[in-house]
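Here it is: the structure, laid out below.
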Number of protein chains: 2
Amino acid sequence: MAYLSIGQLARRSGVKVTTIRYYETIGLLEEPERTESGQRIFTDSDVQRLSFIRHTRDLGFPVEDVRALISLQADAEKDCASVDRIARHQLGAVRRRLTKLEALEAELKRMIAACEGGTVASCSVLAALGDHDDCLVGEHEGAELMAVPPSKRSCPYSDWRC
Amino acid sequence: MAYLSIGQLARRSGVKVTTIRYYETIGLLEEPERTESGQRIFTDSDVQRLSFIRHTRDLGFPVEDVRALISLQADAEKDCASVDRIARHQLGAVRRRLTKLEALEAELKRMIAACEGGTVASCSVLAALGDHDDCLVGEHEGAELMAVPPSKRSCPYSDWRC
DNA sequence: TCTAATTGCTATAGTAACTGTAGGGGCAAG
DNA sequence: CTTGCCCCTACAGTTACTATAGCAATTAGA
């Protein structure tokens, strides 16, 4: 069994030293043993654990999901359904981001293609950014499609000069 | 020219009231006129400006880039090159995210397909998360590929019990 | 006209998931 | 023994907002 300093663990796991300490403070990692002088001592199982965390984070799971997965791991009797549910949820999120990014790529390509070195005044990139109408990115999830009812007058308060 | 309250502006632009005020504090939006009682007064040009900001943010540009684009817009004599550069940079970032997300989607699909309702002990989702070797997500940009030189002993300090 | 509901205001704190800084101590090599 | 790197804690900063508290203004309904 090899013992590792935090720096060695960082190099082996690909997780930065400061991040390892951060994971300890938020309880993702158990508090490790210490030397007499107070330096942390890690083992290969910490490399495993950190690799798991890192991989899961790289897959885009939020830290709370990582925490949930770890606790599931600890209790091997539970069924796979929770894990599956978390993974499916994540897959949905990934697909939504993917769709949005694809539209975004197309939009940027279109904008760049249209930009041919004129002045800003004639630059269609800025025009495209200001113009929602021919936007390829559909997922503006706010309320700009929420029409303002014509009954609402454009002057909000009675004492305003409109 | 119609005058708008902050709430009306929020509905028209799709940017939340609190976010509008936030944009004002960080200087993305000029300080608007006020009524005698202190309420903000906006106009259609603010709708334009906010739509621009929102669209640009939706495209994934960081706020600082939005700020840069706005200042470029203000100076119509400058050439298009800066705008083009910012957009190209953004396109690169989008493509990197896209590649990673695609690998990620494949990985998740693979994991879910392998999860067939057993117990956690036999669940391959957790196994896949712990196992880097057959991972489809290549972009672990840390140092786990940085081999630990065999010359380095695994005991970091001479006084450790290894 | 009175009142309740909505909207607005400021200021401050909280969020995620870290990263950076200050100010110190430990450890091996030349 | 000193140079230089690694480690420690504690706290502040980051991004782009969001939430909360506590209050004032405005509007809509009875």
Side-chain angles (χ1 to χ4, degrees), chain A residues 3-29 31-42 50 53-54 56-68 93 141-143 149 151-160 162, chain B residues 3-29 31-42 50 53-54 56-68 93 141-143 151-153 155-160 162:
Chain A
Y3 291 98
L4 304 168
S5 72
I6 197 170
Q8 292 175 331
L9 176 61
R11 278 186 292 276
R12 297 219 180 178
S13 65
V15 178
K16 288 182 193 156
V17 168
T18 45
T19 309
I20 294 173
R21 283 198 281 252
Y22 169 71
Y23 285 162
E24 187 185 322
T25 69
I26 64 169
L28 263 197
L29 242 46
E31 297 192 4
E33 304 272 315
R34 301 276 186 140
T35 63
E36 283 185 7
S37 63
Q39 303 202 356
R40 290 169 180 82
I41 300 167
F42 297 94
L50 264 183
I53 294 172
R54 172 135 189 264
T56 312
R57 292 283 304 121
D58 279 344
L59 284 168
F61 292 83
V63 165
E64 285 316 303
D65 283 5
V66 180
R67 202 191 295 279
E141 68 277 331
S151 63
K152 291 259 176 190
R153 60 174 183 274
S154 59
C155 185
Y157 299 123
S158 50
D159 66 335
W160 286 24
C162 302
Chain B
Y3 292 96
L4 305 168
S5 71
I6 197 169
Q8 291 175 332
L9 176 61
R11 279 185 291 275
R12 298 220 179 178
S13 65
V15 178
K16 289 182 191 154
V17 168
T18 46
T19 308
I20 293 173
R21 285 198 280 250
Y22 168 71
Y23 285 160
E24 186 186 323
T25 69
I26 65 169
L28 263 196
L29 242 47
E31 296 192 5
E33 304 272 317
R34 301 276 186 139
T35 62
E36 284 186 7
S37 63
Q39 303 203 354
R40 291 168 179 81
I41 300 167
F42 298 93
L50 265 183
I53 294 172
R54 170 137 191 263
T56 312
R57 292 282 304 121
D58 278 346
L59 284 169
F61 292 83
V63 165
E64 284 316 302
D65 283 3
V66 180
R67 202 191 295 279
E141 69 276 331
S151 64
K152 290 259 177 187
R153 60 172 184 274
C155 185
Y157 298 123
S158 53
D159 67 335
W160 286 24
C162 304

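Every chain is numbered from 1, with letters handed out A, B, ... down the list of sequences. Side chains are part of it too, since the values below use all heavy atoms of this structure and drop only hydrogens, waters and symmetry mates. On a predicted model such as this, the values are computed, not experimentally measured, just so you know.
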Query raised in the report: In Å, rounded to the nearest 0.5 Å, how long is the span from OG1 of Thr25(B) to CD of Glu31(B)?
Result: 10.0 Å
**Report entry** Lys16(A) vs dT19(C): side-chain N/O to OP1/OP2 distance below 4.0 Å
**Finding:**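 Looking at the OP1 and OP2 atoms of dT19(C), one of them is under 4.0 Å from a side-chain N or O of Lys16(A).
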Report task. Let me know the distance between CD of Gln8(A) and C1' of dC6(D), rounded to the nearest Å. Result ->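 Rounded to the whole Å, the gap is 10 Å.
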Query - Thr56(A) vs Asp65(A) side-chain heavy atoms within contact, under 4.5 Å - result: no
Query raised in the report: Tell me: CD1 of Ile41(B) to C1' of dT26(D), nearest whole Å?
Result: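 About 14 Å, once rounded to whole Å.
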Requested in this report: Calculate the interatomic distance between Asp65(A) atom CG and dA16(C) atom C1'; express it in whole Å.
Outcome: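 Taking atom C1' of dA16(C) as the reference, CG of Asp65(A) is at 13 Å.
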Requested in this report: Round to a whole Å and report the spacing from CG of Leu9(A) to C1' of dC7(D).
Outcome: 14 Å
Requested in this report: When you get a sec, tell me which of dC9(C), dT19(C), dA16(D) is the closest nucleotide to the side chain of Pro62(B)?
Outcome: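 Looking only at heavy atoms from C-beta outward on Pro62(B), the closest nucleotide is dA16(D).
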Requested in this report: Could you tell me whether a side-chain N or O of Arg21(A) sits under 3.5 Å from a main-chain N or O of Ile6(A), the two making a donor and an acceptor?
Outcome: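 Looks like no, no N/O pair under 3.5 Å.
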**Report entry** CD1 on Ile41(B) to OH on Tyr3(B), rounded to 0.5 Å
**Finding:** 7.5 Å
Query raised in the report: How many Å lie between CZ on Arg67(A) and C1' on dA16(C), as a whole number?
Result: 12 Å
Query raised in the report: Should Ile53(B) and Val15(B) count as side-chain neighbours, where that means a heavy-atom distance under 4.5 Å?
Result: no
Report task. Measure the shortest side-chain to side-chain distance between Glu33(B) and Arg40(B) over non-hydrogen atoms and say whether it is less than 4.5 angstrom. Result -> no
Report task. Specify the residues of residues 17-29 of chain A, ordered by number, for which at least one heavy atom lies under 4.0 angstrom from an atom of DNA chain C. Result ->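 When residues 17-29 of chain A is checked for heavy atoms under 4.0 Å from DNA chain C, the hits, listed by number, are Thr19(A), Tyr22(A), Tyr23(A).
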Query raised in the report: Tell me, do Leu50(B) and Phe42(B) make a side-chain contact under 4.5 Å, heavy atoms counted?
Result: no
Query raised in the report: Quick one: is Ser5(A) getting a side-chain N or O under 4.0 Å of the dC7(D) phosphate, OP1 or OP2?
Result: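 Checking Ser5(A) against dC7(D): at least one side-chain N or O falls below 4.0 Å of OP1 or OP2.
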Query raised in the report: Distance check: side-chain N/O of Arg57(A) vs OP1/OP2 of dC18(C), anything under 4.0 Å?
Result: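 Arg57(A) to dC18(C) OP1/OP2: side-chain N or O found under 4.0 Å.
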Query raised in the report: Whole Å only: how far is the CD1 atom of Ile53(A) from the P atom of dA16(C)?
Result: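 So the two atoms are 17 Å apart, to the nearest Å.
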Query raised in the report: Roughly, in whole Å, what's the span from OH in Tyr3(B) to C1' in dT7(C)?
Result: 21 Å
Report task. Ignoring backbone atoms, establish whether Ser37(B) has a side-chain N or O less than 4.0 Å from OP1 or OP2 of dG8(C). Result -> no
Requested in this report: Find the distance Gln39(A):CD to dC8(D):P and express it as a whole number of Å.
Outcome: 6 Å
